[in-house]
Number of protein chains: 2
Amino acid sequence: MEKLKKYISVKDEDHFYHQGAVELLIFNFLLILTILTIWLFKNHRFRFLHETGGAMLYGLVMGLVIRYVTKSSDVESGIVYECEKLKSGPSTLLINVTNHVYEYQYKREISHHNVHGHQGNAMLQKMTFDPSIFFNILLPPIIFHAGYSLKKRHFFRNLGSILTYAFLGTAISCIVIGVIMYGFVKAMEHIGQLKQWEFHFTDCLFFGSLMSATDPVTVLAIFHELNVDTDLYTLLFGESVLNDAVAIVLTHSISIYSPKVNPNAFDAAAFFQSVGNFLGIFAGSFAMGSSYGVITHLTKFTKLCEFPMLETGLFFLLSWSAFLSAEAAGLTGIVAVLFCGVTQAHYTYNNLSPDSRMRTKQLFEFMNFLAENVIFCYMGLALFTFQNHIFNPLFIFGAFVAVFIARACNIYPLSFLLNLGRKQKIPRNFQHMMMFSGLRGAIAFALAIRDTDSQPKQMMFTTALLIVFFTVWVFGGGTTPMLTWLQIRVGVDPDEDLKTKAASQTASNLDKNTTKAESAWLFRIWYGFDHKYLKPLLTHAGPPLTSTLPEWCSPVARLLTSPSAYGDQLKDGDTDYIINNDELTENYESSAHIPVPAQDRIGSIQATGKEDIQEGDLGLGGYKLQLQHTAGQPQNNSLA
Amino acid sequence: MEKLKKYISVKDEDHFYHQGAVELLIFNFLLILTILTIWLFKNHRFRFLHETGGAMLYGLVMGLVIRYVTKSSDVESGIVYECEKLKSGPSTLLINVTNHVYEYQYKREISHHNVHGHQGNAMLQKMTFDPSIFFNILLPPIIFHAGYSLKKRHFFRNLGSILTYAFLGTAISCIVIGVIMYGFVKAMEHIGQLKQWEFHFTDCLFFGSLMSATDPVTVLAIFHELNVDTDLYTLLFGESVLNDAVAIVLTHSISIYSPKVNPNAFDAAAFFQSVGNFLGIFAGSFAMGSSYGVITHLTKFTKLCEFPMLETGLFFLLSWSAFLSAEAAGLTGIVAVLFCGVTQAHYTYNNLSPDSRMRTKQLFEFMNFLAENVIFCYMGLALFTFQNHIFNPLFIFGAFVAVFIARACNIYPLSFLLNLGRKQKIPRNFQHMMMFSGLRGAIAFALAIRDTDSQPKQMMFTTALLIVFFTVWVFGGGTTPMLTWLQIRVGVDPDEDLKTKAASQTASNLDKNTTKAESAWLFRIWYGFDHKYLKPLLTHAGPPLTSTLPEWCSPVARLLTSPSAYGDQLKDGDTDYIINNDELTENYESSAHIPVPAQDRIGSIQATGKEDIQEGDLGLGGYKLQLQHTAGQPQNNSLA
């Protein structure tokens with residue numbers, strides 16, 4: 001008898017176990033289908049469906065099947081047990097059932113109104129995975145990859161505009177969506193649709209902040225494939241990367257805004273607390289991420305590059321540690337990992353062995369590819385498998401209206417303001433394209449699914465999901481026609497604009513513009529500091545510290561400078577640097593303080609251009625990664 | 001008030017969440033430490049501590065710290081609640097505690113005597129992760145990588161011996177350990193140490209089967225670094241890879257052996273059921289794995305290789321699907337993924353684009369590296385954080401004795417038998433080295449931790465853990481001295497023996513030996529079939545099917561043959577093949593039926609040799625991966 005019972009319990013566990021396998025197998029199967037479909041599309045040069053859109057579509061179909069074909073199997077759940085002995089919910093619970101002790105693990109708190117959802121279907125429950133998986137497993141590689149693969153030169157050239165769109169634009173978008181939604185909510189309350197839910201202005205702002213994270217992955221993939229103008233690409237990419245960070249922190253700050261007395265009245269103390277929280281968390285995460293990026297530079301002093309596997313392992317673990325440390329410290333891991341990626345690309349990448357550079361690049365590319373498709377596939381699934389959807393047509397309609405108005409209020413006024421300062425204006429058709437590229441994606445979804453306890457939050461989640469679907473499919477699919485319609489140049493050589501500019505600069509160096517003098521001054525200080533001190537300290541590149549530091553520092557300087565820095569000071573080490581000296585001079589019209597030999601200037605332009613292609617290449621386009629180049633070329637002098 | 005409660009609940013969740021981050025951060029930190037230490041050791045050419053040993057050591061120290069420094073925080077757990085309403089343990093439990101509904105997820109059944117272990121320390125609980133993680137996440141990449149990186153030529157040359165050691169050897173080892181342990185258990189019962197535990201002969205056999213999985217990762221790493229004789233390397237590697245598969249299935253079969261009447265008496269029906277189960281599961285997993293490997297060959301007909309990222313993704317997902325399908329079908333995923341790896345390496349690898357070959361290789365290398373270190377690190381941790389250790393000195397002593405006797409009964413008699421048939425004998429010092437290399441590692445640990453419900457199983461787990469520690473540190477550390485002491489040649493060029501052999505063969509082709517005629521006959525049939533039909537069907541290599549299939553099949557054959565197969569039939573396509581024709585002839589002394597042009601013979605030997613170095617290279621040794629070679633050389637003809 002004892003044996004038999006044990007046998008049954010083993011069988012039971014096996015059942016649980018195999019269910020997990022089936023569930024993962026379904027995901028695998030969906031991803032395989034997606035890959036095959038996308039290959040078919042790519043092969044026939046259909047560009048209206050990106051792999052993320054395909055993943056979403058298959059997820060949707062599978063969700064439909066699971067929802068309506070599988071049967072309810074677990075009759076016990078859905079029943080709430082009373083437990084008078086417990087005072088609070090412990091993390092593990094031991095329960096004695098007919099002389100067997102079972103261990104249960106705390107999962108979450110459920111609102112009363114959610115208890116009798118579709119809890120009965122075990123398959124649905126299994127397919128609904130923990131929201132924290134998004135933030136801990138799936139998003140970090142995507143965000144890190146974005147940071148690690150920023151086209152540095154173009155990014156820093158447009159830094160001012162990108163920061164404006166990312167910070168000011170996201171704030172505008174958040175407030176506009178919040179205000180419009182509050183109007184709709186008030187109207188809904190008026191016609192009695194909201195049945196005494198608590199729906200404050202902060203909830204509307206919360207929705208606004210989570211809907212402000214744009215994710216134009218589909219658009220960017222097409223831009224990349226068609227070689228759309230690099231400045232437009234960089235503006236969009238930079239904006240979307242940074243605005244994710246801003247939106248995540250903003251959402252967190254809004255969610256902790258809790259006025260003491262009346263939730264509808266404005267509470268200055270709570271407001272400033274939230275603002276302080278935003279600034280603190282953003283700055284803290286930035287600092288945490290960058291310092292991990294800088295810590296990795298310690299590889300400079302080791303000969304770790306002789307063991308590429310150890311080096312890759314260390315790189316991977318330190319990058320992940322940046323994320324985890326930020327989380328453990330109560331900051332935002334995603335933001336930390338983004339800036340860690342940017343710092344790694346800027347400093348650490350130079351210290352890596354050629355083998356590790358390629359390994360890390362390919363590894364993160366692959367992880368990004370997989371994670372992105374899993375998220376989009378899951379989004380498709382969630383439409384049918386999520387058990388507490390609240391579809392409210394008026395709210396959904398309001399959200400669509402709000403999102404588009406907010407995008408317009410973000411792009412057009414800011415572009416106008418930026419064009420006042422920019423020498424190279426953002427043309428009208430670029431602005432329209434940016435307006436059009438306000439797709440919502442993984443971050444908005446992850447932020448929305450994080451909190452689905454209350455009914456307003458569930459309604460927001462449903463609405464966010466629908467907006468993601470609509471924008472990814474309709475706008476994502478319409479990118480190529482839109483490009484034609486707006487007459488945006490495609491097939492641009494990333495170096496071309498640079499070359500013409502260099503030529504025009506040599507021809508006429510007259511037109512002086514001083515509107516940006518201040519920013520140029522700031523930027524030049526940072527550039528000089530980075531070039532003279534940080535680069536030599538953290539990498540093998542740049543001039544030796546012995547020549548840049550004051551003389552009394554020379555013993556320390558000699559210790560910290562890489563031996564390879566002496567040989568070829570300004571020769572090649574700086575070619576992948578954020579900006580070339582001539583560009584700096586040209587963009588900000590101030591006399592260059594750092595002399596660059598003429599022949600090096602050309603060399604560096606070419607080298608940077610070449611690297612750019614590979615950096616932005618997701619391995620999906622027509623390009624093949626030119627391995628020898630990536631591996632050996634740009635830094636071979638400094639490694640010799 | 002409502003707000004406040006909500007705020008507290010958010011805080012609570014945050015707390016849970018950050019704990020997870022801290023826990024992962026500890027792991028990251030340990031792995032980083034391990035990498036740095038190992039780098040230091042490698043730099044100074046200390047070979048007595050492999051990274052896995054280092055990871056284990058750091059894990060041990062951290063476990064000690066967590067165990068004795070962190071405090072008990074969760075007072076609620078450890079209390080068992082009675083629940084009369086429940087009939088069985090449902091998968092999720094909703095509990096109403098003071099008007100809050102909490103959802104709990106089923107974790108496991110706990111034996112009554114384990115309830116009052118060290119359940120109180122939340123940190124310990126958090127660090128003890130689910131055993132199924134080993135089987136679902138950590139082991140598959142390790143095992144797949146082993147299959148994918150088999151040195152094919154040498155492996156198939158020693159296939160007979162490897163299969164003998166793996167199947168017969170594991171069975172011998174299992175039975176010998178079982179019998180010896182049963183003796184010890186009886187003795188312990190006699191002196192009253194076992195307090196009425198149920199401890200049957202099958203339990204002893206269970207222990208025997210799980211302790212039969214050898215894992216000489218440390219030894220192999222040193223062998224690789226020092227270029228120890230390739231045959232010895234292959235024998236050990238092949239044995240350890242296959243014997244893992246055998247041990248896993250054997251353990252499962254023994255665990256389901258349940259005689260109906262008296263658990264101590266022999267029940268023929270149950271025995272044959274177990275044997276049938278073993279054969280069924282092994283064959284099923286083999287078939288499942290191989291068929292996934294073959295499915296991947298479909299890439300032959302697509303132009304997927306133009307999109308390396310899609311190709312890599314597909315490859316990865318299909319390999320993982322092999323694992324999941326086997327699990328879902330009630331077979332053994334690990335065995336399936338092993339044979340999937342072997343098949344992929346044999347067929348699919350030829351179809352991949354050069355870029356994907358490198359990507360997949362590096363990806364799996366990296367995953368292997370990470371997973372291996374996590375497991376060994378966790379083993380170190382488990383010694384102090386596992387909450388139900390039972391240390392029994394007599395049992396532990398018995399296990400040590402049994403493991404060594406069993407290893408001896410496996411290696412020496414089987415080597416003697418094999419030497420009767422082998423032309424190239426396994427010398428005495430190789431036998432001693434194999435005896436010495438019977439390290440236990442990840443698989444034994446994973447099998448032991450899978451079931452720790454009853455007290456005998458807990459005692460087995462503790463004992464297995466100690467044996468792993470001892471063998472990895474003592475034997476792993478003693479590998480280099482042992483090699484010197486046994487006078488085993490190091491610094492062997494993998495091609496050298498081949499060249500001498502080829503030379504000696506040309507010189508005197510007299511010595512004919514017919515003891516292995518039968519096996520050669522079998523092997524030749526398989527070789528011919530594979531070369532003529534499977535290779536051309538599944539890859540771009542080999543002769544075109546149109547020339548190997550009978551004439552009436554020619555329409556089908558033309559459809560299935562890759563266009564590139566026509567040009568260069570026997571030229572280069574087969575260089576990475578399992579065995580060369582001349583080796584086949586030489587090893588099994590039968591006239592070769594497949595003619596090979598003389599100049600090709602030399603070419604193929606060289607090409608194969610070159611590939612070998614890279615295949616076995618874990619990226620940790622002194623070699624750098626020669627990218628151009630791996631990528632382009634061996635198959636460039638067939639890809640052209």
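Proteins get letters first, then strands, A, B, ... in listed order; numbering begins at 1 in each.
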Problem set entry | Residue, of A:Leu31, A:Asn373, A:Leu324, that accumulates the most heavy atom pairs under 4.5 Å with chain B |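 Of the options given, most contacts go to A:Leu324.
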For this session: Report the option among A:Thr312, A:Thr34, A:Leu25, A:Leu40 that has the most heavy-atom pairs separated by less than 4.5 Å from atoms of chain B.
Result: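 Among the listed options, the one with the most contacts to chain B is A:Leu25.
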For this session: Kindly assign one of parallel, tilted or perpendicular to the pair B:Phe364 and B:Phe316, based on the angle between their ring planes and the thresholds 30° and 60°.
Result: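 Geometry flag for B:Phe316 against B:Phe364: parallel rings.
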Exercise. Given a strict heavy-atom distance threshold of 4.5 Å, which part of B:Leu363 is in contact with chain A: side chain, backbone, both, or neither?
Worked result: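 Interface part for B:Leu363: side chain.
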Problem set entry | side-chain contact (heavy atoms from CB on, under 4.5 Å) against A:Ile32, all qualifying residues, sequence neighbours excluded |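 A:Ile32 satisfies side-chain contact (heavy atoms from CB on, under 4.5 Å) with A:Leu36, B:Leu314, B:Leu317, B:Leu318, B:Ser321 once adjacent residues are dropped.
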Exercise. What residues, two or more places apart in sequence or in another chain, satisfy side-chain hydrogen bond (donor to acceptor under 3.5 Å, both in side chains) together with B:Ser325?
Worked result: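 Counting only residues at least two positions away or on another chain, B:Ser325 forms a side-chain hydrogen bond (donor to acceptor under 3.5 Å, both in side chains) with B:Tyr292.
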For this session: Determine, step by step, whether A:Glu311 and A:Arg359 satisfy the salt bridge (Lys or Arg N to Asp or Glu O under 4.0 Å) criterion, reporting the C-alpha distance in whole Å, the side-chain angles of both residues, the deciding distance to 0.1 Å, and the verdict.
Result: CA-CA 10 Å; A:Glu311 203 180 7; A:Arg359 271 169 195 262; over 6 Å; no
